[in-house]
Structure formats: structure tokens, C-alpha cells
Amino acid sequence: MSIRFKLILSYIAMLIIPIILTILVGAVSLLFYFGEPDEGINRKYGIGLIRSSVMERDNIFSDIKGKILKSPEKFQDEDYLKTLEEKLTKASSGIIIRRDDKIIYSSKGFEGFNQGKSLPEFGSYIQDMVLPNGEEKRGFVLSQHDFYFKDSSNGSVFLITNLNPIKSAYIKTRITLSIFIVIILVLTNGLLTYIVARSIVNPLERLKSSANRIKEGDLDFKVKADTKDEIGELCSTFEEMRARLKESLETQLQYEKNRRELVSNISHDLKTPITAIKGYVEGIRDGVADNPEKLKRYIDTIHSKTEDVDRLINELFLYSKLDLNKFPFNYSIINIKSYLLDLTDEIRFDLREKNIELNYKEDIEGNIVVSADSQQLKRVFMNIVDNGVKYMDKEHGAIDIFARDKGDIIEVEIRDNGQGIPDKSLEFIFDRFYRADESRNTLIGGSGLGLSIARKIIEEHGGTMWAESEEGTGTSIFFTLKKYKSGEKL
Ligand code: ADP
């Protein structure tokens, strides 16, 4: 959920929750004052306070009317009046009885209601009249019932009820409600603000501590994105940044390691022949080569070692130019069929001397052309074939070259039946200076650059190179060349 949506939702909740709760509180309060008073639990908790007083009042008044109907003289009976008074007090009410113009009975505390003869006249039939006049009468309600005494004199009974307790109950309800509303508002707003803030602040805190860890150079952790909002997205981006930073740092470290290895490999590979040359030169100087044959042998060895150094330096030079993309390729359109036929004939001739047989097969139909630097392509073939010769351990050595038409590309396989490459080494043979023989035995004369140079040349031609091998059985080196389509850049 996005932060924007969360905020909108929380604002809506801040509005709706107090409204709902207020309605709920209001309903409970109203029930408290107006609920059905006689139902068990309601009576116990005082629910229906107002209703009960109104009902009580109505009951009393109908009781009075009933009694009057039977015997008006009852209102001169003190015992009856005493029991009536008890009921009246409970209902915050009182009665005044008038015979003609004379007040013959008045409940305690209600005497003042006829001051100045302010009670309505006989025959007024007042029902529930609110008495506004006079300070002490505020909040009182009056009902009148007229009748005749046995001697035909006019009688009126006034039931006066004090509504002030109900009024103050109303006020109390209103205050309680207001307090509830304020509390509910504070609580819901506080709670929602806390929840929303927590969902924003907590991830930000985590992000901050992650940033601090990165600042300290610690990149070995993951920035988790727990939420799906904008901060979650920020966490994901941050995590991506951390991963990239780590990757680039690792690449940098790897480069540094490679560079150190490179320097050490070059030093080693140059030092070995140079130590030999130095030894032979010192031998000649000290007169160890004391006869012409020995001298010739010494000089021949020096010459061959010098050639080793020369070859190594040339390969290094070529490799570094390829690595820096500074090698000047000389592309031309080559008919691959005739090119491979000529090249394999030439190689076959060279291999015959080494007692290795070369077979060439192809399934290319028509005049397929590729854009290539023929000299460098030949170098690729020579480097691979040279390896086939160098690592040949069979009496009947054979190198098979296949050229296959694979749609847009020509796939070339150069297969030998030599010693093969261990599985653990296979993935590294295209790395510069890599030799499966870790002792860096120079007897075979490899620099570890042959295949890396070949791969770089093929990649420059837009192709790929890979190897398959089985130890003891032989090795296949594959590479591809893109077919040239007319109109393409060379
Ligand atoms: P090198 O000059 O050492 O041959 P390369 O880059 O040409 O360097 O080859 C890297 C390593 O791969 C070699 O040292 C060798 O261990 C292994 N290798 C390459 N080609 C073959 C092969 N045809 N048969 C067996 N091992 C091979």
C-alpha cells in the first residue's frame, strides 16, 4: 500500500471512527436514559431513568384520576395522602388540591405554586404545562384534573413534577458524551498517527542504519523491503545499489588480483628462459664449453631460449593489444569453404611431419562468405591445432576439423584425440596465463595465452568459443563465425 493511500485511509479513519464511536456512545447514553426500564438488566443498571420517571408520573396521575372518579372525598383522607406522597416523592412530583378557590392540600415543597393564585382556573384542563414563570418554578411541569366534590363544589387536582433532575441528567449525558468524543478523537488520532508514522519512520530508520553500514564499508548484508509502498521501493533500489556496489568492488578486487597474477606470471615465464640463457652464457664465459660441439650446443640452446622469450613477448604484446581493443584487424569477405579447404591442406602438410593425421569435413552448401581477418583467423586455427599437437599423448594422433552450417552461423569444431582436459580446468582454459598443468612446466612450451588470444579474436569477429573435453580421450574446441549478409559493414 502506498504511503499516499495510507495517509488518505488514515484521514478517512480519523473522520469515520470518531463518528461511529460517538453514535455508539450516544446510543448507549440515550438507552441509559430512555431505555425500557422494566427489563431485568436495564433496571439493575438504571437504564431508562427518564422514561421511568415519566411513566411513574403518568401512573400516579391515572391513579389519582381513578380515585377521584370513585370517591373525591379520598383527597381529604390523610392515610391515603400519606401513601400517595411517598409515590410522588419518588417521581419528583407533588400535588395541590383546590376546593373552589381554596387550597385544601399541598404536597410539601409545592405550596408556593399557588402564590398569587397563579394556578389555572377550574375547567382549564391543563395537560403537561411547563411553568416558566418565577425562578423557583423553572423546570416544573403541571397537569390539571377537575372534578366535583359530593357537595358539588369545584375540585381541581394539580400534579406538578420537577423536571430539573431529568434536565441535569440530560446535561450530564451531554457532558459525558463530549468527554467521550474528545477522548475518542484524541485516541483514534493518536493511534492512527502513531501507526502511520511507525510504518514510515521504522523503515526509514532501517534504511539509515543500512546507509551507515555501507558508509563503514560493510556490504555483506541485505536491505529488506518489508513494505510495498514508496519506502519499500526505496529499500529495493537501495538494495540494488548495495549489490551493484559490492559487485563492482569484487570486480575491482578481482582485477587487482588478476593484475598481480599477470605480473607474477610474466615474471615467471620470462625469468625461466632468461635464467637458462644466463647460465649457458656464463658457462661459455667460464670456459665450460671447452670444445666446438659443446659450444654449438650451448649456443643452440641459448638461441632456442631466446626464441621462447621472443615468442612470449610477441604473444603478450598481441594479447595486450587485443585486450585494449587496439589491434588493427584487416577484415575482408572470405569464401569460407575455399578458405577452410586451403587452410586445412596447409595444416595437414605441417602435421604430417609430426606424425599426426588431419581430417577435414564440412556440410556447407553454396558460396557462403564471412567477414574476417584471414591472418588472425589462421592464428586461431594454429593456436588450437598447436595445442592439439602439444597435448597429444597417443601414438596415432589425429586432429579432425568439422565445419557445419548452422543457419546464420558457421560452427567450426577442432577435435583432437590427445590427453584431454580435467573437468575442473575446462572452464578456465580461455583465461589468460591459465594452464591446466599448475606447475607451469615450460617443457611443453605453453604460455597460457594461446586460447585466450584465439577467443578474443573470435569475439572480435562476433562469434563465440567454447570447449568440450574428456580426460584421456581428447578435446574439442568449438567456435562460430557469422555469415556475411550483403550490405553489412565489414
Ligand atoms: P598454452 O600455451 O599453455 O597451451 P592455452 O591458452 O593454449 O595455453 O591453453 C591453456 C591450457 O589449456 C593449456 O595449458 C592446457 O593445459 C589446456 N589445453 C588447451 N588445449 C588443450 C588440448 N587440446 N588438450 C589438452 N589440454 C589443452
Side-chain angles (χ1 to χ4, degrees), residues 258 261-262 264-273 304-305 307-323 327 343-344 347-348 350-351 354-360 376-402 411-460 463-479:
N258 286 356
E261 265 176 19
L262 192 75
S264 127
N265 289 343
I266 294 171
S267 321
H268 178 274
D269 288 355
L270 283 176
K271 196 164 172 53
T272 318
S304 119
K305 294 288 169 196
E307 285 211 317
D308 282 352
V309 175
D310 190 43
R311 199 186 62 232
L312 180 63
I313 289 173
N314 279 340
E315 281 192 348
L316 258 174
F317 200 50
L318 172 64
Y319 180 80
S320 84
K321 271 192 175 173
L322 284 168
D323 204 26
F327 188 82
L343 185 66
T344 47
I347 300 172
R348 186 177 296 112
D350 290 345
L351 290 185
K354 290 165 183 155
N355 203 20
I356 293 177
E357 173 192 330
L358 184 128
N359 303 303
Y360 171 59
Q376 298 316 317
L377 203 54
K378 182 175 174 186
R379 191 191 289 273
V380 172
F381 274 92
M382 294 319 290
N383 283 4
I384 299 170
V385 169
D386 276 354
N387 281 347
V389 174
K390 271 193 288 186
Y391 305 108
M392 179 57 69
D393 62 350
K394 308 285 178 332
E395 208 178 314
H396 299 291
I399 293 179
D400 300 311
I401 300 181
F402 303 94
E411 184 189 90
V412 178
E413 177 185 355
I414 303 171
R415 185 196 295 167
D416 65 56
N417 63 344
Q419 65 186 53
I421 304 166
D423 277 353
K424 65 173 170 57
S425 305
L426 201 57
E427 59 174 307
F428 303 112
I429 60 168
F430 297 103
D431 292 353
R432 61 189 176 192
F433 289 108
Y434 182 81
R435 290 183 201 154
D437 171 13
E438 279 161 12
S439 65
R440 307 195 68 75
N441 186 346
T442 49
L443 276 180
I444 295 177
S447 64
L449 284 171
L451 284 182
S452 39
I453 288 173
R455 173 128 95 173
K456 276 221 174 289
I457 293 173
I458 289 300
E459 281 172 356
E460 278 297 327
T464 49
M465 183 179 278
W466 69 98
E468 286 172 10
S469 185
E470 202 175 313
E471 234 184 322
T473 308
T475 304
S476 279
I477 304 287
F478 296 84
F479 65 86

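Side chains are part of it too, since the values below use all heavy atoms of this structure and drop only hydrogens, waters and symmetry mates. Read the numbers this way: they start at 1 and go in the same order the structure lists the ligands and their atoms.
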Visitor: Which heavy-atom pair separates Asn417 from Ala398 by the least distance, and what is that distance?
Guide: OD1-N, 2.9 Å
Visitor: Can you name the nearest heavy-atom pair linking Thr475 to Gly420, along with the distance?
Guide: OG1-CA, 3.4 Å
Visitor: Using the ring of each side chain (for Trp, its six-membered ring), is Phe478 parallel, tilted or perpendicular to Trp466, with breaks at 30° and 60°?
Guide: parallel
Visitor: Can you list the atoms of ligand 1 that are under 4.0 Å from a heavy atom of Lys390?
Guide: 1 (P), 2 (O), 4 (O)
Visitor: Any N/O of Asn387 closer than 3.5 Å to an N/O of ligand 1?
Guide: yes
Visitor: Report yes or no: does Gly448 have a heavy atom closer than 4.0 Å to ligand 1?
Guide: yes
Visitor: Tell me the contacting part of Asp416 for ligand 1: side chain, backbone, both, or neither, using a 4.0 Å heavy-atom threshold, strictly below.
Guide: side chain
Visitor: Between Arg348 and Leu358, is there a donor-acceptor pair closer than 3.5 Å when you use the side chain of the first and the backbone of the second?
Guide: yes
Visitor: May I ask you to identify, for Tyr434, whether its side chain, its backbone, both or neither come under 4.0 Å of ligand 1 on a heavy-atom basis?
Guide: backbone
Visitor: Tell me which part of Ile421 gets within contact of ligand 1: side chain, backbone, both or neither, using heavy atoms under 4.0 Å.
Guide: side chain
Visitor: Taking heavy atoms and a distance under 4.0 Å, where does Ile429 meet ligand 1: side chain, backbone, both or neither?
Guide: both
Visitor: In Å, rounded to the nearest 0.5 Å, how long is the span from CD of Glu315 to OG of Ser320?
Guide: 12.0 Å
Visitor: With the threshold set at 4.0 Å, does a side-chain nitrogen-carboxylate oxygen contact exist between Lys394 and Asp416?
Guide: no
